[in-house]
Amino acid sequence: MSTWREELGTSHEMIPLLQSIFANVSDAILVVDRGGQIVKVNAALEQMTGWTEEELVGRKHICELCLGMATCLEETTCADCFFKQVQLPSFEMRLRTRDGREYPVAASSARLPDDGNGKLVLVIRDMSAQQRAEKERYQHKLTNYVIQAQEEERKRIARELHDGVGQALYSILVGLNVVGQSSLSDPIRQHVNDLLQMTSKAMEEVKRMALELRPSALDDLGLLPALRSLMKRVEKSFGIQVELHAQGERRRYPAATETALYRIVQEAMTNTAKYAQASQLGIVFEDREKEIVVTIVDDGVGFDVDQTLHTGKGLGVFGMRERAQLLGGTLDIRSAPGEGTTVIVRIPIQKEETEHGDSRPDR
Ligand SMILES: Nc1ncnc2c1ncn2[C@@H]1O[C@H](COP(=O)(O)OP(=O)(O)OP(=O)(O)O)[C@@H](O)[C@H]1O
Ligand SMILES: [Mg+2]
């Protein structure tokens, strides 16, 4: 079998071809001598690291560019560097750039067998985009899982409150009514009346908590009836006038879509109540066949969206955006100090998904 040197010697046309490949491939190529001194680099490596060929060749050692190496099995230390091995088909490397950044790369190495100097060739591929995409995919998956678990837990607690504590309080109320109807001394009657009032208040409170956790209307009647009852509660609690306009077909949507839209509107309304000092809040619901668009507008004090959200103060807007994105949708916030706030959420829907039936996953 001929060596690569013999091949090149016999086929002179290979030399310009190899030179062109070396110069033009998008993977970075780095050749080091037995001692680890850099002897050759291609343009892709210059671009990736920010160092020029002149700054590297004959001047830098491989270790000056390496912040660590790992295979899928182990991470190496400098004392036990993979570099000393003859050949490593693939490994990960953290490359140090000229401006001190760390660059995650995938690399492979090969010792040139018939080279008296024992040169080692490293082929390096930029992995930062893949790593970013993978991290984002993982984060989305995790958020989806957390949101679903949270929704399930809210459903469970709401049901327990309604069926457990709520029913117990109702029984106490009925019992106290019976006691109240018997002949009692004035102080005892007063005491029973106080207990009746306290029990009804506690029942109201339990009902409110269960509704806030997860309104049964959302599962039983759908998004618009649930939003209407949410509006009434906001009007009553915060004294803001709320109007809802619904355009397009009125039907049931996939449970995940109804839940996400309900939670997004709920958070937007809570933000208006908490921060906007608004007197009016409008919700426009549009069923555009292939997507649902919900717009929530308040006439409050407004805020600087970029500046406020970059400080990472709250989780509300982040959660709204995540919920929309997990369903392939978008969330847009338009606001400025003194100009009120508009939240626009778009969620795509498939025609076959819109039927109200067993296909509803989280019912
Ligand atoms: N409708 C609004 N009017 C005025 N300011 C708003 C409005 N909505 C949001 N903001 C501003 O944006 C910030 C971020 O809102 P976000 O919902 O993310 O967090 P939060 O409400 O402060 O906390 P959390 O929602 O986690 O309880 C708020 O603190 C507030 O300053
Ligand atoms: Mg909030």
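Order of listing sets the numbers, starting from 1, for every ligand and every atom in it.
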Is a donor on one side and an acceptor on the other found under 3.5 Å between the side chain of Glu291 and the backbone of Arg288? no
Identify, by atom number and element, the atoms of ligand 1 in contact range of Thr341, meaning under 4.0 Å from any of its heavy atoms. 1 (N), 2 (C), 3 (N)
Under 4.0 Å between a Lys/Arg side-chain N and an Asp/Glu carboxylate O for Arg98 and Glu55? yes
Does Leu315 approach ligand 1 within less than 4.0 angstrom via side chain, backbone, both or neither, non-hydrogen atoms only? both
Taking 4.0 angstrom as the limit, do Lys201 and Glu204 come out as a salt bridge? no
Answer with side chain, backbone, both or neither: which part of Asp298 has a heavy atom less than 4.0 angstrom from an atom of ligand 1? side chain
Measure the distances from the heavy atoms of Glu267 to every atom of ligand 1 and state whether one is below 4.0 angstrom. yes
How far is atom 19 (O) of ligand 1 from its nearest protein heavy atom, and which residue and atom is that? Gly314 CA, 3.2 Å
Under 4.0 Å between a Lys/Arg side-chain N and an Asp/Glu carboxylate O for Arg208 and Glu212? yes
Need the ligand 1 atom indices (1-based, order shown) with element for anything under 4.0 Å from a heavy-atom of Lys274. 21 (O), 27 (O)
Whether Glu64 side chain and His61 backbone form a donor-acceptor pair below 3.5 Å: yes
Number the atoms of ligand 1 from 1 as they appear, then name those within less than 4.0 Å of a heavy atom of Ala276, with their elements. 3 (N)
So which bit of Val317 gets within less than 4.0 Å of ligand 1, heavy atoms only: side chain, backbone, both or neither? both
Under 2.8 Å from the Mg ion (ligand 2), which protein N, O or S atoms are there? Could you list them by chain and number? Glu267 OE2, Asn271 OD1
